[in-house]
Chemist: 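Sharing a structure below in structure tokens format, with a few things to ask.
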Amino acid sequence: MMVAAKQRELAKAAEAEKARAAKEEDMHRLTRLWSNDIIPNWGKPGVASRAAKIIAKGIPSSCRGQVWSRCLENQAKGGRPSALTSETYEFLLQRAYHPPPPYMTMTQRNAKLIAHDAAGVFPELGLFGPGIEDDQGKASEPGPYYTSLLNVINAHASLAPTEPYENRAIGSLAGVLLLHMNEHDAFLALQGLLSRPMHAAFALATPQASSYLKVFDLAFSAKHPRLYKHFQQAQLKSEMFLSSWIANLYTKHLSLEVCCHIWDLYLVAGDKGDEILFIVALVMLGWLEPHLYGRLDEALGYLGQPVPLTLDYLIARLPPNSNSQNSLAAVISTSTSPMSFSLPKSVVNGLKEARAESEKSSQVNRFSF
């Protein structure tokens with residue numbers, strides 16, 4: 001009996017090792033494909049479709065920074081190839097740390113808020129925080145990315161030196177970018193992220209956010225009708241949770257591994273990336289649903305805290321090709337209940353209309369440098 005148990009244990013260990021080796025080899029192949037085929041040929045005909053076919057597996061971490069940079073570069077520069085050069089970045093840093101008199105008061109105010117936000121970026125990693133004083137008043141070394149994080153955020157604030165620093169999601173966004181690229185590239189990519197219409201609408205709390213919320217509610221009511229009805233009765237509006245989820249691009253609500261995979265899908269999908277963000281929200285609501293039928297404050301507590309949703313759980317609930325035109329329709333029509341749900345055409349059209357409205361209202365020329 002003990003021999004049989006030992007044999008089963010050995011067989012199980014061998015199977016696990018085989019699966020690990022296969023996964024490792026698959027990642028090596030994926031890395032070679034991105035490094036040798038897709039990244040060097042970025043922008044050429046057919047490359048985008050090849051990337052879309054394999055993006056469901058995510059981008060290898062060694063390639064992620066290059067791919068994200070390419071996805072965001074044009075948006076960051078706003079069609080002005082020389083607008084955000086390394087020289088511009090140095091100028092913005094100089095103005096942030098040595099502001100001229102007209103900008104002094106606002107810059108100093110912003111700097112305090114930025115330092116506070118930077119201290120709270122992924123504290124569990126120990127990479128971005130300032131040094132901490134011990135009982136004897138001796139400070140420990142700051143995290144290796146702390147200075148770069150401060151630089152990126154301060155340079156961003158220096159783009160509009162007369163305006164208050166109000167987008168409190170910037171710290172975590174910049175932190176994710178710095179894990180995958182150098183300081184200047186992270187600054188440039190951050191501008192690209194903030195130029196995406198739907199994300200900007202939620203991050204800056206503009207009036208256009210209401211248009212996206214109406215579209216999301218159509219998707220929410222189709223995918224989770226019972227939960228949606230309960231939220232309506234409890235007066236729990238989608239903006240109470242969705243605004244934070246999207247403004248932070250899930251950096252404060254999901255693990256870093258899951259968050260980076262979502263960014264892979266979101267950025268490679270281009271204009272259809274908004275659908276990816278809605279899909280993730282629907283998946284999170286499905287995960288949390290058993291906890292959301294209590295009191296309003298209890299539900300908001302669950303919706304506001306980190307969700308231990310695993311990458312395997314997310315991938316299993318995404319459409320086979322998350323970059324496809326019908327991705328949102330696919331996730332809504334996939335349900336564990338006997339009923340199937342079709343996506344109202346108004347959801348897809350509503351996203352397009354809301355995006356167009358946001359683009360018209362975009363303040364792309366407010367920066368001063």
Side-chain angles (χ1 to χ4, degrees), residues 72 75-78 80 83-84 88-123 128-130 145-178 183-184 186-213 239-253 304 357-369:
L72 292 167
Q75 286 180 307
K77 292 179 177 178
R80 299 172 297 167
L84 294 175
T88 303
Y89 180 63
E90 292 301 324
F91 166 79
L92 292 169
L93 283 179
Q94 177 69 18
R95 185 164 69 182
Y97 294 129
H98 305 283
Y103 305 146
M104 180 74 71
T105 300
M106 184 61 70
T107 300
Q108 290 177 343
R109 171 196 176 276
N110 288 343
K112 293 178 181 178
L113 296 174
I114 289 169
H116 178 270
D117 283 0
V121 172
F122 302 117
F128 299 99
Y145 291 98
Y146 178 64
T147 300
S148 292
L149 181 64
L150 285 179
N151 286 346
V152 170
I153 306 175
N154 276 292
H156 171 76
S158 186
L159 281 167
T162 61
E163 296 184 13
Y165 171 72
E166 293 180 337
N167 186 352
R168 311 303 288 273
I170 287 178
S172 58
L173 301 180
V176 173
L177 292 170
L178 283 167
E183 192 176 300
H184 173 252
F187 167 75
L188 193 64
L190 178 64
Q191 309 319 309
L193 275 179
L194 299 174
S195 297
R196 291 198 154 203
M198 186 174 84
H199 176 242
F202 284 103
L204 301 175
T206 67
Q208 285 70 43
S210 62
S211 299
Y212 289 106
L213 285 164
E239 66 182 292
M240 295 178 178
F241 58 90
L242 189 68
S243 297
S244 177
W245 289 359
I246 292 182
N248 290 284
L249 291 179
Y250 299 105
T251 54
K252 296 184 178 179
H253 304 91
E357 180 184 345
S358 294
E359 288 171 345
K360 285 181 182 178
S361 304
S362 177
Q363 300 179 9
V364 295
N365 295 318
R366 67 186 178 88
F367 297 145
S368 173
F369 55 87

Chemist: Here's a test for you: under side-chain contact (heavy atoms from CB on, under 4.5 Å), which of T88, V152, L84 qualifies with L188?
Modeler: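 Looking at T88, V152, L84, the match for L188 under the side-chain contact (heavy atoms from CB on, under 4.5 Å) is L84.
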Chemist: What distance do N154 atom CG and L159 atom CG have between them, rounded to the nearest 0.5 Å?
Modeler: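 It comes to 11.5 Å.
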Chemist: What residues form a side-chain hydrogen bond (donor to acceptor under 3.5 Å, both in side chains) with Y165, not counting sequence neighbours?
Modeler: D117
Chemist: Look only at the side chain of H199 and the backbone of L249, and say whether a donor-acceptor pair between them is shorter than 3.5 Å.
Modeler: no
Chemist: So, for S148 and E183, which heavy atoms are closest and what is the spacing to 0.1 Å?
Modeler: OG-OE1, 3.0 Å
Chemist: Locate the shortest heavy-atom distance separating A201 from A209; write the atom from each residue and the value.
Modeler: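 Of all heavy-atom pairs spanning A201 and A209, the closest is O-CB, 3.6 Å.
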Chemist: Shortest non-hydrogen contact from L149 to G175?
Modeler: CD1-N, 3.8 Å
Chemist: Sequence neighbours left out, what passes ring-ring contact (aromatic ring centres under 6.0 Å, His included) with Y89? Give chain and number order.
Modeler: H184, F187
Chemist: Taking only residues two or more places apart in sequence, or in another chain, which ones meet S211 in a side-chain hydrogen bond (donor to acceptor under 3.5 Å, both in side chains)?
Modeler: E357
Chemist: What's the verdict on side-chain contact (heavy atoms from CB on, under 4.5 Å) for L173 and L194, showing C-alpha distance, side-chain angles and the deciding distance?
Modeler: CA-CA 10 Å; L173 301 180; L194 299 174; 4.2 Å; yes
Chemist: If you define the side chain from C-beta out and look only at heavy atoms, does anything of L190 sit under 4.5 Å from L72?
Modeler: no
Chemist: Just jot down the side chain to side chain contact (heavy atoms under 4.5 Å, CB included) partners of P100, sequence neighbours excluded, or say none.
Modeler: R95, P102, Y103
Chemist: Under the side-chain contact (heavy atoms from CB on, under 4.5 Å) criterion, do E163 and M106 qualify, and how do the steps go?
Modeler: CA-CA 7 Å; E163 296 184 13; M106 184 61 70; 6.0 Å; no
Chemist: If every non-hydrogen atom of L93 is compared with every non-hydrogen atom of N151, which pair is closest and at what distance?
Modeler: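 Looking at all heavy atoms of both residues, the closest pair is CD2-O, 3.3 Å.
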Chemist: Apply side chain to side chain contact (heavy atoms under 4.5 Å, CB included) to A119 and list each qualifying residue two or more places apart in sequence or on a separate chain.
Modeler: P130
Chemist: List for me each residue that meets side chain to side chain contact (heavy atoms under 4.5 Å, CB included) alongside E239, sequence neighbours excluded, and say none if there are none.
Modeler: L213, K237, S243
Chemist: Any side-chain donor-acceptor pair under 3.5 Å between Y97 and S158?
Modeler: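 Looking only at side-chain atoms, S158 and Y97 do not form any donor-acceptor pair under 3.5 Å.
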Chemist: Going by side-chain hydrogen bond (donor to acceptor under 3.5 Å, both in side chains), name the residues that satisfy it together with T206, two or more places apart in sequence or in a different chain.
Modeler: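 Listed in chain order: Q208.
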Chemist: Check N167 against A203 and note the closest heavy-atom contact, atom names and distance.
Modeler: ND2-CB, 3.5 Å
Chemist: Just do the side-chain contact (heavy atoms from CB on, under 4.5 Å) check on R168 and L113 with the steps written out, would you?
Modeler: CA-CA 9 Å; R168 311 303 288 273; L113 296 174; 3.9 Å; yes
Chemist: Quick check: closest heavy atoms across A174 and I153, and the distance to 0.1 Å?
Modeler: CB-CG1, 4.4 Å
Chemist: Side chains of P164 and R109: closer than 4.5 Å at any heavy-atom pair?
Modeler: yes
Chemist: For F128, which residues count as a ring-ring contact (aromatic ring centres under 6.0 Å, His included) partner, sequence neighbours excluded?
Modeler: Y145
Chemist: Of all residues at least two apart in sequence or in a different chain, which pass the side-chain hydrogen bond (donor to acceptor under 3.5 Å, both in side chains) check with N248?
Modeler: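 Result, side-chain hydrogen bond (donor to acceptor under 3.5 Å, both in side chains) vs N248: S244.
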Chemist: One pair to check against side-chain contact (heavy atoms from CB on, under 4.5 Å): I246 and Y212. What are the steps and the verdict?
Modeler: CA-CA 11 Å; I246 292 182; Y212 289 106; over 6 Å; no
